[in-house]
Each structure stands twice: as C-alpha cells, then as structure tokens.
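Positions are given from 1 along the sequence.
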Amino acid sequence: MKYTALTILSFVAFVSNGQKVDSKFVPDAIHSNFVKKFPHAKSVAWSMEGEDEYEAEFTNAGVEQSSNFNKNGKWLVTETAIKVSQLPSAIQSSIDSEYNEFKIKEAEKVEDAANQIFYEVELEKRELKIEVKFAADGKTISKEEYKD
C-alpha cells in the first residue's frame, strides 16, 4: 500500500508539471472558452500546469502565445511573445541600468484576468538566467534566478 501511494503521488507530480495533454482530454468548458477567446489560433498544444490548470501554446496571427485556463474553463492569463524593441522604454531603461551585463533572451507581454498587463523578460549571463516581471513603468514586480 505504501508503494502504491508513492507511485500515485509521483505520477501526479509528473503530470502536473507541464505534462503534455492530448486535446481530446481537455475538458469541454476549457476548449470552448479557448476557441471563443482565440478563434484563429493555430498549432495548439495543451499541457497541465499544476493539478487544476491547463495551458495552451499556439500561434495567433503569426504570433506565439500561451494561455492558461482553470479546470472549470475560466481564462486566467495570456502571454504573448514580443520583440525586445516592443518593450516599453521604461523597462528598457531598467534593464540597461540594473541588468546591463545580461543579454535579453526573450520578452513577453502578459495579460491576466484582473485586466493587468505586465512584461516578463528572460535575461541570461553565462549559465545564470533571471526571469524578471516588470510593470509597464519599469518597476520590478518579481525576479526569479536559476541556472541551466
């Protein structure tokens, strides 16, 4: 019994950490709301983000996006890949002054269900990577460091 519980917990942890999901296993409420919000989405790939959240990665009008929905189909957040040149100038200034030794690896504009817009920027310097969330005014919301 102890091994069965451990096996089940391991499986749940594996599935809930970005595990790919066949679209036929995505709940109808999620799929329906996704199609309403993104009717022109192409090349949609689904995965689990945690136990109760689904993420769709797709292209929309030639732009890479990802969008998350809870298990009841409620839209939570959408991330849109942007060019570095599309970052607000206040964020560019913050990066230039606080992270001038880092290279910008990617940038995303993020919109959430509370109608907030912020930006996520992945910076790297050798093996060190930092993901910084910025408000449009250039202020840091959060920062997470990790190594390859």
Side-chain angles (χ1 to χ4, degrees), residues 1-92 94-95 99 102-124 127-148:
M1 183 68 176
K2 184 161 76 170
Y3 294 111
T4 303
L6 184 58
T7 301
I8 291 170
L9 285 174
S10 296
F11 177 75
V12 169
F14 177 73
V15 168
S16 65
N17 191 17
Q19 177 66 28
K20 299 293 181 198
V21 175
D22 190 305
S23 62
K24 65 184 174 188
F25 297 115
V26 173
D28 290 341
I30 294 172
H31 189 264
S32 175
N33 287 340
F34 173 79
V35 170
K36 285 178 192 171
K37 189 156 184 70
F38 304 101
H40 304 292
K42 305 277 187 219
S43 304
V44 181
W46 289 95
S47 62
M48 292 292 299
E49 294 289 316
E51 293 180 36
D52 299 327
E53 193 171 317
Y54 288 78
E55 179 179 62
E57 293 183 16
F58 56 98
T59 57
N60 193 15
V63 177
E64 290 181 30
Q65 292 185 293
S66 65
S67 193
N68 293 40
F69 295 80
N70 72 13
K71 66 180 180 180
N72 298 318
K74 181 183 178 208
W75 171 72
L76 302 172
V77 65
T78 297
E79 297 176 344
T80 303
I82 61 172
K83 296 176 182 176
V84 172
S85 61
Q86 293 175 296
L87 285 169
S89 59
I91 293 174
Q92 289 279 8
S94 291
I95 292 170
Y99 304 100
F102 286 79
K103 177 184 173 194
I104 299 174
K105 186 173 179 184
E106 65 180 45
E108 296 175 326
K109 180 179 181 180
V110 182
E111 301 170 73
D112 68 16
N115 292 321
Q116 297 177 350
I117 295 175
F118 57 93
Y119 297 82
E120 290 183 354
V121 180
E122 187 174 323
L123 304 159
E124 66 181 359
E127 70 280 349
L128 178 62
K129 294 184 191 273
I130 300 175
E131 183 175 281
V132 184
K133 290 182 184 178
F134 289 101
D137 65 3
K139 292 188 174 129
T140 299
I141 297 170
S142 68
K143 173 172 85 169
E144 182 178 338
E145 295 183 18
Y146 54 97
K147 292 189 178 191
D148 268 344

Is it the case that the side chains of N60 and Q65 hold a donor-acceptor pair, with the cut-off being a distance below 3.5 Å and no angle test? yes
Could you go through residues 28-37 and list every donor-acceptor pair under 3.5 Å that involves a side-chain atom there, pairing it with any protein atom two or more places apart or in another chain?
unit_1: N33; atom_1: ND2; unit_2: A29; atom_2: O; d: 3.4
unit_1: N33; atom_1: ND2; unit_2: G73; atom_2: O; d: 2.7

Taking the six-membered ring for Trp, is the centroid-to-centroid distance between F118 and F134 below 6.0 Å? no
Decide if atom CD of E120 counts as having more than 12 heavy atoms of other residues, nucleotides or ligands within a radius under 6.0 Å. yes
I'd like to know if the side chain of S66 reaches the main chain of F58, judged simply by a donor and an acceptor atom lying under 3.5 Å from each other, with no hydrogens or angles considered. no
Once the angle between the rings of W46 and F69 is folded into 0 to 90°, is it parallel (under 30°), tilted (30 to 60°) or perpendicular (over 60°)? tilted
Before giving the answer on side chain to side chain contact (heavy atoms under 4.5 Å, CB included), spell out for V110 and V77 the whole-Å C-alpha distance, their side-chain angles and the decisive distance to 0.1 Å. CA-CA 7 Å; V110 182; V77 65; 3.4 Å; yes
Atom pair CD/NZ of E144 and K129 - distance to nearest 0.5 Å: 13.0 Å
Supply the atom-to-atom distance Q19 CD to E55 CD, rounded to the nearest 0.5 angstrom. 13.0 Å
Can you tell me how far the CD atom of E124 sits from the OH atom of Y146, to the nearest 0.5 Å? 8.5 Å
Could you list the residues that satisfy side-chain contact (heavy atoms from CB on, under 4.5 Å) with N115, not counting sequence neighbours? none
Hey, does the side chain of D112 reach the backbone of A114 with a donor-acceptor pair shorter than 3.5 angstrom? yes
Checking E53 side chain against G50 main chain: does a donor-acceptor pair fall under 3.5 Å? no
List the residues meeting side-chain contact (heavy atoms from CB on, under 4.5 Å) with K42, not counting sequence neighbours, and say none if there are none. T59
Run L87 and I95 through side chain to side chain contact (heavy atoms under 4.5 Å, CB included) and show every step you take. CA-CA 10 Å; L87 285 169; I95 292 170; 4.2 Å; yes
